[in-house]
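Chain letters run A, B, ... following the sequence lines, proteins first, then strands; residues in each count from 1. Owing to the predicted nature of the structure, the values given are computational and were not obtained by experimental measurement.
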Protein chains: 2
Amino acid sequence: MKVGQLSADGIERRSGVSLWRQIADKILHAIAIGDFTENAALPPEVALAERYGVNRHTVRNAISALVREGVLRAEQGRGTFVLSRKRLSYPIGARTRFSTGLQGQTTERHIVLLASSVEPASQRVAEGLGLPKGADVIRLETRGEADGRPVSRAAGWFEARRFAGIDAAMAETGSITASLARFGIDDYLRQSTVLSARHADAADLADLDLQPGAIVLVTVAVNVTPDGQPIQFSESRFPAERVELKLSAL
Amino acid sequence: MKVGQLSADGIERRSGVSLWRQIADKILHAIAIGDFTENAALPPEVALAERYGVNRHTVRNAISALVREGVLRAEQGRGTFVLSRKRLSYPIGARTRFSTGLQGQTTERHIVLLASSVEPASQRVAEGLGLPKGADVIRLETRGEADGRPVSRAAGWFEARRFAGIDAAMAETGSITASLARFGIDDYLRQSTVLSARHADAADLADLDLQPGAIVLVTVAVNVTPDGQPIQFSESRFPAERVELKLSAL
DNA sequence: TAAATTTGTCTATTGATATAGACAACTATA
DNA sequence: TATAGTTGTCTATATCAATAGACAAATTTA
């Protein structure tokens with residue numbers, strides 16, 4: 001049995017992160033980068049325990065957490081096997097579109113409109129859209145799903161005057177691009193993207209179906225028309241264990 | 001005392017991540033996004049304990065960890081104050097350069113060459129550089145520092161035949177750009193960047209001076225000459241609590 | 001079929017994490 | 001100079017995390 005795929009070190013005691021959680025993260029990472037393909041067998045519990053210098057029960061704790069998450073499947077007498085697949089690669093470039101970006105990687109993908117509202121623009125939204133602070137903006141809360149699993153959770157803001165009714169269009173079409181087309185926007189470009197990462201908070205855990213301790217990638221972006229008018233300000237969260245971002249020059 | 005800057009929820013019990021570590025992360029995040037500026041006073045311990053629904057001792061645990069990290073300073077009778085500053089914004093675009101990218105954000109920045117070696121190209125390095133697998137490549141291990149704090153940790157691979165001696169050039173100049181110039185490369189472009197995030201492992205903790213549980217942003221990138229020849233394959237790690245990545249179109 | 005391998009379950013013990021309460025030490029302010 | 005507000009320290013207790021060992025249950029292999 002080849003065990004070399006899981007890095008041996010990186011287990012820290014008294015760190016505030018339990019050993020079983022650290023080991024679970026290592027297994028998740030190994031799967032995410034493709035070191036374990038679907039249906040591959042994990043090394044046996046005793047081997048993992050020895051590798052990380054912990055008790056077998058601690059390894060079992062990590063594995064049972066991943067079994068609960070639906071990442072692994074344990075079979076008594078046989079072994080423990082990988083269920084989930086490699087990370088999706090989500091492209092970010094001048095023309096970043098949800099559906100086309102994941103083409104070829106998933107058999108199915110769509111955006112669900114979770115909620116929408118009209119609200120006064122906060123400081124950063126106003127700055128991003130080039131509006132006065134407090135101007136009315138429409139907020140769309142959406143979740144991206146691919147093959148039935150959540151892969152993104154986003155909030156998008158649009159100038160309310162110009163895009164009145166975009167919430168209905170979004171509910172109907174399930175596509176930002178198609179919704180914007182109804183307002184005469186045939187093309188738009190990604191002007192700026194700021195990227196960060198943090199631990200998932202309670203909302204992320206619920207929205208993206210994650211377990212506590214998971215990491216989310218966060219992008220804050222502005223989309224503009226080809227002549228430079230800002231039309232959309234957005235903040236998106238991606239589960240780092242399921243998605244990587246592929247930055248394409250353009 | 002204004003307490004609204006720290007989000008109230010997101011504290012998960014029995015998650016494998018201790019409450020004090022979760023609270024420490026929240027405080028770090030609030031500082032990182034600029035909700036607490038330098039020298040600002042944190043809410044008093046009792047207020048934080050009430051806000052998160054935990055015991056005061058648990059909050060004290062979180063704070064003392066951040067004091068050890070050099071992020072906070074506690075003064076008996078007065079309060080607890082913020083030492084560290086806002087996250088650096090590291091630009092990534094067609095022409096991604098370490099030093100120029102941080103201009104204006106730091107008074108000082110430089111790259112340290114930690115180690116170099118010649119090795120056969122692994123699968124992914126060979127693919128990235130367009131070489132046969134196993135071809136000799138030079139690996140440069142570097143750390144980027146700004147105002148005395150580590151902000152990046154990178155491994156870069158170059159074709160050994162073409163760039164023999166680039167390790168010496170790097171040690172001398174402290175600049176990838178300057179080193180490449182000695183080989184007649186006056187300009188180079190970022191061809192591709194793949195971005196992910198994970199928990200820091202033991203090596204990251206040591207190299208980037210982080211505490212267990214910290215998050216690192218990871219970029220895997222290929223640089224090419226203007227006519228498209230791959231010259232450098234690199235993997236860089238950034239501490240998410242100190243750096244955000246600003247993706248610039250171009 | 002027997003032996004080896006692997007996951008599942010149980011008991012017991014130790015150390016880290018979290019709660020609870022009380023009070024000391026220090027600072028700023030009325 | 002009191003008083004209120006804040007951090008620092010101590011004791012005690014309960015719960016979670018991790019270790020240790022033993023054996024059962026299921027599967028594969030010799």
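Here the CG-CG distance, from B/Leu42 to B/Leu66, works out to 8.5 Å after rounding to the nearest 0.5 Å. To the nearest 0.5 angstrom, B/Ser15 atom OG is 9.5 Å from A/His199 atom NE2. Taking CG of A/Leu247 as the reference point, atom OH of A/Tyr90 lies at 12.0 Å (rounded to 0.5 Å).
For A/Glu145, the salt bridge (Lys or Arg N to Asp or Glu O under 4.0 Å) partners two or more places apart in sequence, or in a different chain, are A/Arg143. For A/Arg237, the side-chain hydrogen bond (donor to acceptor under 3.5 Å, both in side chains) test picks out A/Asp204, with sequence neighbours left out. Taking the side chain to side chain contact (heavy atoms under 4.5 Å, CB included) definition, one finds that B/Ser152 meets it with B/Phe98, B/Phe238, sequence neighbours left out. A/Glu50 is linked by a side-chain hydrogen bond (donor to acceptor under 3.5 Å, both in side chains) to nothing, counting only residues two or more places apart in sequence or in another chain.
Here C/dT5 presents its C1' atom at 16 Å from CG of A/Leu42, a figure rounded to the nearest Å. One can place CZ of A/Arg60 at 14 Å from P of C/dT6, the figure rounded to the nearest angstrom. What separates CH2 of B/Trp20 from C1' of C/dT19 is a distance of 17 Å, to the nearest Å. For the pair B/Glu50 CD and D/dT6 P, the computed distance is 12 Å after rounding to whole Å. When the C1' atom of C/dG15 is taken as reference, atom CZ of A/Arg13 falls 11 Å away, rounded to whole Å. In this structure, CG of A/Asn61 is placed 10 Å from P of D/dT19, rounded to the nearest angstrom. Rounded to whole Å, the distance from CD on A/Gln22 to P on C/dA16 is 15 Å. In this structure, A/Ile63 atom CD1 and C/dT6 atom P are separated by 12 Å, rounded to whole Å.
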Distances under 3.5 Å only, N/O to N/O: pair up the protein atoms with those of nucleotides 20-22 of chain C.
unit_1 : atom_1 : unit_2  : atom_2 : d
C/dA20 : N6     : B/His57 : NE2    : 3.1
C/dG21 : O6     : B/His57 : NE2    : 2.4

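Listed for the B/Arg21 side chain is no donor-acceptor partner under 3.5 Å among the backbone atoms of B/Ala62. A donor-acceptor pair under 3.5 Å is formed between the side chain of A/Gln22 and the backbone N or O of A/Val17.
Counting only heavy atoms from C-beta on, A/Ala74 has its side chain closest to C/dG8 among D/dG8, C/dT17, C/dG8.
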Each nucleotide of nucleotides 24-30 of chain D classed B (base within 4.0 Å of a protein heavy atom), S (only sugar-phosphate) or -, in 5' to 3' order, makes -BBSS--
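At D/dT7, one or more side-chain N or O atoms of B/Thr80 fall inside 4.0 Å of OP1 or OP2 (strictly under the cut-off). Checking the phosphate oxygens (OP1, OP2) of D/dT19, a side-chain nitrogen or oxygen of A/Thr58 falls inside 4.0 Å.
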